[in-house]
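Some notes on the structure that comes next.
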Amino acid sequence: AADSTVKSVQKRGYVQCGVTTGLPGFSNPDDKGKWQGVDVDVCRAVAAAALGDANKVKYTPLTAKERFTALQSGEIDLLSRVTTWTITRDASLGLNFTGVTYYDGQGFMVSKELGVKSAKELDGASVCIQSGTTTELNLADYFRQNGMKFEPVVFDTADQTAKGFEAGRCDVLTSDQSQLYALRIKLSKPDNAVVLPEVISKEPLGPVVRQGDDQWFNLVKWTLFAMVNAEELGLTSSNIEKEKKSKNPEVQRFINGEGSKALGVPGDWAYQIVKQVGNYGEIFESNVGASSPLKIERGLNALWTKGGIQYAPPMR
Amino acid sequence: MPSKKKDLAKGRTAFWNDPEKRSMLYQIIMLVILIICGAYIISNTLHNLDSRGIKTGFDFLWSEAGFGINQSLIEYDESHSYGRTFFVGLLNTILVASLGILLATILGFTIGIARLSNNWLIAKISAVYIETFRNIPLLLQIFFWYFAVLRPLPRPKQSIELFDVFFLNNRGLAMPAPNILEGFGWVLLVFALSLIVVIGVKRWAKNRQDTTGKGFPIISVSLAIMLGLPALTYLFVGSPIDWEVPTLRGFNYRGGITVIPELLALLLALSVYTAAFIAEIVRSGILSINKGQTEASFALGLSRPKMLKLVIIPQAMRVIIPPLTSQFLNLVKNSSLATAIGYPDLVSVFAGTTLNQTGQAIEVIAMTMAVYLTLSLLISLFMNWYNKRIALVER
Amino acid sequence: MSNEVQQNLMAISDEIMVEMRSVNKWYGEFHVLKDINITVRRGERIVLCGPSGSGKSTTIRCINRLEEHQTGDIIVAGTPLTNDLKNIEVIRREVGMVFQHFNLFPHLTVLENCCLAPVWVRKMPKKEAEEIAMNYLKRVKIPDQALKYPGQLSGGQQQRVAIARSLCMNPEVMLFDEPTSALDPEMIKEVLDTMIELAEDGMTMLCVTHEMGFAKTVANRVVFMDGGQIIEENCPHEFFNNPQSERTQLFLSQILQH
Amino acid sequence: MSNEVQQNLMAISDEIMVEMRSVNKWYGEFHVLKDINITVRRGERIVLCGPSGSGKSTTIRCINRLEEHQTGDIIVAGTPLTNDLKNIEVIRREVGMVFQHFNLFPHLTVLENCCLAPVWVRKMPKKEAEEIAMNYLKRVKIPDQALKYPGQLSGGQQQRVAIARSLCMNPEVMLFDEPTSALDPEMIKEVLDTMIELAEDGMTMLCVTHEMGFAKTVANRVVFMDGGQIIEENCPHEFFNNPQSERTQLFLSQILQH
Amino acid sequence: MIQSDKKLPDLPPPRRSDGAFGWIRANLFSSVTNTLLTLLAVYLLYIGLVPLIQWAFIDASWVGETRDDCAVGGACWVFIKTRLNQFVYGFYPEELYWRVNWVFILFGVLITLLIAEKTPYKKWIVIFTLTVFPIITFYLVYGGAFGLEVVETHKWGGLMLTLILAVVGIVAALPFGILLALGRRSTMPVIKTFCTLFIEIWRGVPLITVLFMASVMLPLFIPEEIVFDKLVRALIGIVMFQSAYMAEVVRGGLQAIPKGQYEAASALGLSYWKMMGLIILPQALKLMIPGIVNTFIALFKDTSLVLVIGLLDLLAIVQAGLADAKWAGYSVEGYVFVGLVFWVFCFGMSRYSQALEKKLDTGHKS
Ligand SMILES: Nc1ncnc2c1ncn2[C@@H]1O[C@H](COP(=O)(O)OP(=O)(O)OP(=O)(O)O)[C@@H](O)[C@H]1O
Ligand SMILES: Nc1ncnc2c1ncn2[C@@H]1O[C@H](COP(=O)(O)OP(=O)(O)OP(=O)(O)O)[C@@H](O)[C@H]1O
Ligand SMILES: [Mg+2]
Ligand SMILES: [Mg+2]
């Protein structure tokens, strides 16, 4: 009965975006309160596409356990909060995952002095973990499968989890690997902690929207694809102005905003994304990659052309 | 005033002037408004649920939970159902709340009485205690205690040991757990018997005290009987309990019972905080007792502690109970802050992880609120009953 | 009747039960008791009277240390009243006190009220204490109320329970602080009668009261206080018929007119 | 003086101001008022007396619906007292009431106490209400206290304010429920004097009181109640000197002895 | 037998001959138990206070900009100092602090005027505080009129947010509380039942579940078109919760008004609402002030719970600051600071309410 989300976002003038309560590299307020990170840039990209202005976003910090309720209830338009794509979530929570912004896997971080080299040695360990995550489920599976015991110590937020780990409440902190790196730099002595090599699960992280609004779903989905495609096409925030004159038909289609009618957004939507936010590679590098404190390798998240699995359907 | 008589003839009361009919009307209006509001909310909710593709229902309670919980009073592991997580959380809430009530009451009464001590230093320290702890948010205190408890405790390898069976470290306090073997029934039987004996001895001792005035060391004797006889039987039937002593294996002590530090910290925070309020209640309850009662007790030669015990506190209880009840209720509700430090209470386990894994917000929140309402109601009922029982008999 | 009672009264022994020697007391800066000297012998019955605020209550409350005096000596049944808790304890056992507002313990039955101190202070067996209590309750004529609570009794009955409660400790001296002034007129008599009986049995009594009839009937001496001092002290006959001081005369004229 | 006042009083008209016809009232199962019949004519002054708990207060509180009666009719100044809020409102405007405990509004000054009802119930302009109030305050002899708060006045002064407050509504009938019994003896007179003056001015009054002097001085009739019934009703002279019923005699003997 | 007929002089009380020593003896060592207790207390104070003072003052570092300026072993107040603005204003734009400051100043002045004994026109100040002041505050803090730039609520935080939540919560809860209390005392069964249920249900559930509901579930219950700000939703939750508590305070106040006041008012012909508005509530409200202040203290402390729904109140913003790797390891200082701020506010208020209670106790005899 009501407007589609695209319409109501445009009427309202901003995108309501659910993010974490603070996870460096993904969504974290700096000391001025300005939000930064990959997830935040996704929100900004959606705003750039829908409204032409990447700054028209309101962030709602959510704990892991609030996030789906907040999305279901309509409090937020878009959940961009390191959320793992699983079948239950996709199929039975009334939600739709729009794609994968980051291919992750669950790992372990231990304190160096324990001298543990492999996750297989963790029998009987206390594990700090964030509540309401797939991590919580994977962990149980992994230990059960390997016939090991563990004691879960469950916290509400990433910060608290790190605090608990630091205070020695547990031997291991488990989370998605990217987050482990992010949390590690929050420790007072980051060098005392090591991330174990094992990856025990697939954690494709991506933005989520409510089911039943295909236009909005498509917009978010194609915002992601646009960013990947831009990287593939070599379009960056600095060169896209110049590339406007490019002869490459693919670039032209990109800049002219193929599909804008159906998505219900302005014609330069893809251009605005790259112009104001950047392409996927840029976002990755500046937030979690080499030019960030996290220094995470591209790995799986490299373009399919470069040995990774980031692949976007063509824009035509 | 004949003019008045005319238009106010009896029996022709306009219905809005008849208080009964008027109140009827008000109530009907109120009901209608309530029903409309209710219907509006429900229809909105249904519509919203539908348009957002959320399925409702309690089926999820029977599906496998798949996550671990680090403290459970009933058997639980990942393969149990979400429904069971509800009971795990519920029991954990009840555990911390009831221990908290017990501790807070003891501490609160002690400090409330100490506040009135004629030792200047003690009175002042109690005052400082009260003013400090009741004026700082509980959440902050919970964080404080958590880190205050965690920080000085060693890692498991360097545990503080007591008698080689208790081990204290930052994973908690590991204690031996009893494994009951065959023959233990005898011990229980003897224990029951010794209870009966003790009751008999108590009767006899009271009788003797009443008739001859001679006291009898009833407490030590009954303790001896209650502990000694079963202990002898225990040895006689060949120690039918296998104490499972925790041992350090891998990262931590295995086996036995572990009291996790979250429980300890939460318990400390809740009881220290609530005790400050209870102390004030106790103090004002005591002060509300007429000065004449104190004077009469002194005039009879009672000492101060006896006066408090026999005369003042029993009377002050009447004044204390109602506000004490609301402190108990507050404590139960405040135990929900457990979630801040990861103690697996109802809010943390059920309204937290389970809600999140299943996405059934309405059902889960409704069940959680119902639990707190029920707990509150039970406590109120009990305290009201108790208060009635101790009410003064008057003409 | 006056004579009759006076004749029935037992002789006064020479033993001094209460002695106050130049006692002074201040409330903060306010000088309430000025140089009070009172001697009470065993078996004596003394009535204290005087206008409101003259320090009567304060005087008798000093005797069992409900108030602390600052200078002067108070000696009760041979024990000097000092800061020593032991002495205070001893004295309080020997001295019974009855208050204007009864001050019964409302959460205990009449019998329990009476037994409380014997059991907990004198460590008497409960059975024995109850027997004694019943005896005294009979004496104040309310044995049938023993199992009721104070709240269920009339004011006069309550005051009689208070008297019985004090008697249960078997005190050497009884202090009364306006025992009838909170009572309705019909009840005053029953309490006064109880007190008169007590006097007939030879109890040493120190009694603050405005009941001049009682003073005439049983007192050996009447002490008149005003402004924190003792103005006049005399046997009742002289005191009422031939008051010496002007202030006494004024007081008597006011109180007897009433 | 009695005769003098009686002579000064204005004649009683035939107009019936209050009529109670076989009024019955129960509190739960307890039958408090049994078949009460009272007729008060304009200018009449009636004193209700009787032992405590006999239902005097209840009777007069029924007249302005502070209590609801269950059977029988009450007609006040021509208006029948029914469930009709309009009627109740009309009656309350015509009937002033003075309580034992004054019930002044402690958060308002004396003047505001007096003006409240005229302004809010009679919708009188504030100026006018204040003028009237000052008039009545003069009449009860405390115009100089107008700006004080009730808490700053003595009991007697408070009761006179309460009377003035009622008068400000210009009532046809005044009800008094033991107006002097919460007062110290010195103050009783000032309130009684005010009431006597009011009577002299011809106010219709229904008064529950134990002040027999007042009854003798101003009452046209004395009504004696016991156990919820009217036992006897007579002019004061007959009532006091020649009581008919035994219960009246007993009551009088108790109350006059006091 | 005249003892003395002349009036003896009033003498000054004897000075304690034993001075301070006597005081100590009487108050600390009057008996064996007392002596033991005193010694125990002194010992506890010694092991508790000495390290605390050492840490908080003697070894503490006060000046500097970064963690390197902090000495080891003592408190590092530098952390608090560098972050103080954020702790007070949250992420409110720095150049607009003056707007918040004006509100603080105005609020302080109004409160002082209200608390002071002899302020003239107190009634008008109360009305101003309850009506005009909130509007001024709204436009100053939020903006959006008179050429003031809008500052979104998600930028609000710190002490400012804590105060806003608490003050708005209590002020808005008062009218609801009064209605609920009147309803609960009503003789009409439907209204009475509704109000009783409403009050008891809200009082029976924990605030964090209420906040959780308000923050994520409220949109489920209202039409999709209506959107509330997150802060507003938290406030709705707090107000609902608080009005139930307020209703009980009001009910207590109403019960303390003697029956005679109702009777006198009815006898004068006042209708129910006039009686309530003119006679009963003005008196009851005065009696309720201590209760209201106590509720306010409770609410003020409870505002810290909004951190579980992601609002950055004082406690949350300090915690966020603690998460900054640059300052890792100074959490104790952070918590001590928050504790101290809350304590100062709550202690001040509780003293005020105690003083009021005492005044009412002695001053209400009429
Ligand atoms: N605790 C106290 N602090 C200060 N002054 C007091 C205290 N108790 C009594 N007073 C004052 O001491 C004086 C004597 O009081 P006391 O009660 O002994 O008088 P009283 O002769 O018993 O009078 P009454 O007949 O009214 O009982 C009075 O002026 C009284 O106001
Ligand atoms: N609200 C009530 N509920 C039940 N019984 C009541 C109530 N009010 C009064 N009564 C009873 O009704 C009877 C008459 O009361 P009422 O106050 O009219 O007596 P009264 O003649 O005015 O006595 P007093 O001289 O003591 O004022 C008494 O027995 C009283 O206990
Ligand atoms: Mg006295
Ligand atoms: Mg009466």
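Because only heavy atoms are used, hydrogens play no part in the values below, and waters and symmetry mates are left out as well, while side chains stay in. Letters A, B, ... mirror the listed sequences (proteins, then strands); counts begin at 1. Quantities reported herein were computed from a predicted structural model and do not represent experimental measurements.
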Is the backbone of B:L302 close enough, under 3.5 Å, to the side chain of C:E89 for a donor and an acceptor to pair up by distance?
-> no
If you tally heavy-atom pairs under 4.5 Å against chain B, which of C:V90, C:V98, C:L104, C:L108 wins?
-> C:L104
What residues of residues 303-315 of chain B sit under 4.5 Å from chain C when you count only heavy atoms?
-> B:K306, B:K309, B:L310, B:V311, B:P314, B:Q315
Apply side-chain hydrogen bond (donor to acceptor under 3.5 Å, both in side chains) to C:R93 and list each qualifying residue two or more places apart in sequence or on a separate chain.
-> none
Write out, in numerical order, the residues from residues 103-120 of chain B with a heavy atom short of 4.5 Å from a heavy atom in chain C.
-> none
Close contacts, residues 324-333 of chain B versus chain C, judged by heavy atoms under 4.5 Å | none
Do other residues, nucleotides or ligands put more than 12 heavy atoms under 6.0 Å from the CH2 atom of C:W26?
-> yes
Please determine, among C:R92, C:E94, C:R165, C:M97, the option with the most heavy-atom pairs under 4.5 Å with chain B.
-> C:R92
Against chain C, label B:T294 side chain, backbone, both or neither, depending on which of its atoms sit under 4.5 Å from a heavy atom there.
-> neither
Could you grab the distance from atom CE of C:M169 to atom CG of B:L300, nearest 0.5 Å is fine?
-> 6.5 Å
May I ask you to test the C:H107-B:M317 pair for a side-chain heavy-atom distance under 4.5 Å?
-> no
Bottom line for C:F99: the part with an atom under 4.5 Å from chain B's heavy atoms is side chain
Could you tell me whether the side chain of C:N103 and the main chain of B:G292 form a donor-acceptor pair under 3.5 Å?
-> yes
